[in-house]
K.L.:
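I have a structure I would like to understand better, so I am pasting it below and will then ask my questions one at a time.
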Amino acid sequence: MSIRDIIEGKQQWRAHLARVKALPEDYQIVYKEMQKYLFKVGPVGLAEGTLLTGIVDFFEEGAASGKGVTELIGSDVAAFCDELIKDTPTYADLYQESAGKK
């Protein structure tokens, strides 16, 4: 990874965070909880950013249509996140597979 890649990555992350900050407060709170949960669970590919960007896109559409965040995802943030990543391997899955092969 070159310096240019690191700088571009930081610029993209800052732009992403600016989009999150532009959301209504209730959406921001839920997004941060989702982000924490997803970083903890560790789905493979989270670093590429498509999952988090997709969530922001979804939230922007919901906010623009005047819906509350719980109307979009329900009251259980973890269950919603689990449903999003149900077919995605996590780093814990990869670790368990590699540990089982030894």
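The analysis underlying the following values was restricted to heavy atoms, covering all of them including side chains, and did not include hydrogens, waters or symmetry mates.
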K.L.:
Show your reasoning for whether side chain to side chain contact (heavy atoms under 4.5 Å, CB included) applies to Leu52 and Phe39.
P.N.:
CA-CA 11 Å; Leu52 294 176; Phe39 283 163; 4.2 Å; yes
K.L.:
Are Leu84 and Met34 close enough, and set up right, to give a side chain to side chain contact (heavy atoms under 4.5 Å, CB included), and what steps lead you there?
P.N.:
CA-CA 11 Å; Leu84 281 177; Met34 291 175 74; 4.1 Å; yes
K.L.:
Mind checking what makes side-chain contact (heavy atoms from CB on, under 4.5 Å) contact with Lys86, not counting sequence neighbours?
P.N.:
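Applying side-chain contact (heavy atoms from CB on, under 4.5 Å) to Lys86 gives Glu83.
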K.L.:
For Ala63, does its backbone N or O pair with a side-chain atom of Tyr27 as donor and acceptor, under 3.5 Å?
P.N.:
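Yes, the answer is positive, given that a donor and an acceptor are paired below the 3.5 Å cut-off.
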K.L.:
Could you check whether the rings of Phe58 and Phe80 sit parallel, tilted or perpendicular, using 30° and 60° as the cut-offs?
P.N.:
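Correct class here is parallel.
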K.L.:
Testing the basics here: between Cys81 and Leu38, what is the closest heavy-atom pair and its distance to 0.1 Å?
P.N.:
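Scanning both residues, the minimum pair turns out to be CB-CD2, 4.1 Å.
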K.L.:
Please report the closest heavy-atom contact between Gln28 and Lys21, naming both atoms and the distance.
P.N.:
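Distance-wise, the nearest heavy atoms are NE2-O, 3.1 Å.
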K.L.:
Provide the closest heavy-atom pair for Leu72 versus Lys67 in the form atom of the first, atom of the second, distance.
P.N.:
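Nearest heavy atoms, Leu72 then Lys67: CD2-CD, 3.9 Å.
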K.L.:
If every non-hydrogen atom of Ile73 is compared with every non-hydrogen atom of Val30, which pair is closest and at what distance?
P.N.:
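Closest pair (atom of Ile73, atom of Val30, distance): CD1-CG1, 3.4 Å.
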K.L.:
With heavy-atom distances below 4.5 Å as the criterion, would you say the side chains of Gln35 and Ile55 are in contact?
P.N.:
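No, every pair of side-chain atoms sits at 4.5 Å or beyond.
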K.L.:
Does atom CD1 (Ile6) have a neighbourhood of more than 12 heavy atoms from anything else shown, all under 6.0 Å?
P.N.:
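More than 12 heavy atoms, drawn from other residues, nucleotides or ligands, come within 6.0 Å of this atom.
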K.L.:
If you compare all heavy atoms of Ala78 against all heavy atoms of Tyr37, which two are closest, and at what distance to 0.1 Å?
P.N.:
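It is CB-CE1, 3.7 Å.
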K.L.:
What is the distance from atom CD of Gln12 to atom CG of Asp5, rounded to the nearest 0.5 Å?
P.N.:
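It comes to 9.5 Å.
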K.L.:
Would you say Val20 ends up clustered with Ile29 if hydrophobic residues are merged whenever their side chains have heavy atoms under 4.5 Å apart, either directly or through other cluster members?
P.N.:
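Different clusters.
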K.L.:
Rounded to the nearest 0.5 Å, what's the gap from CG on Asp82 to OG1 on Thr88? Could you check?
P.N.:
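Result: 11.0 Å between the selected atoms.
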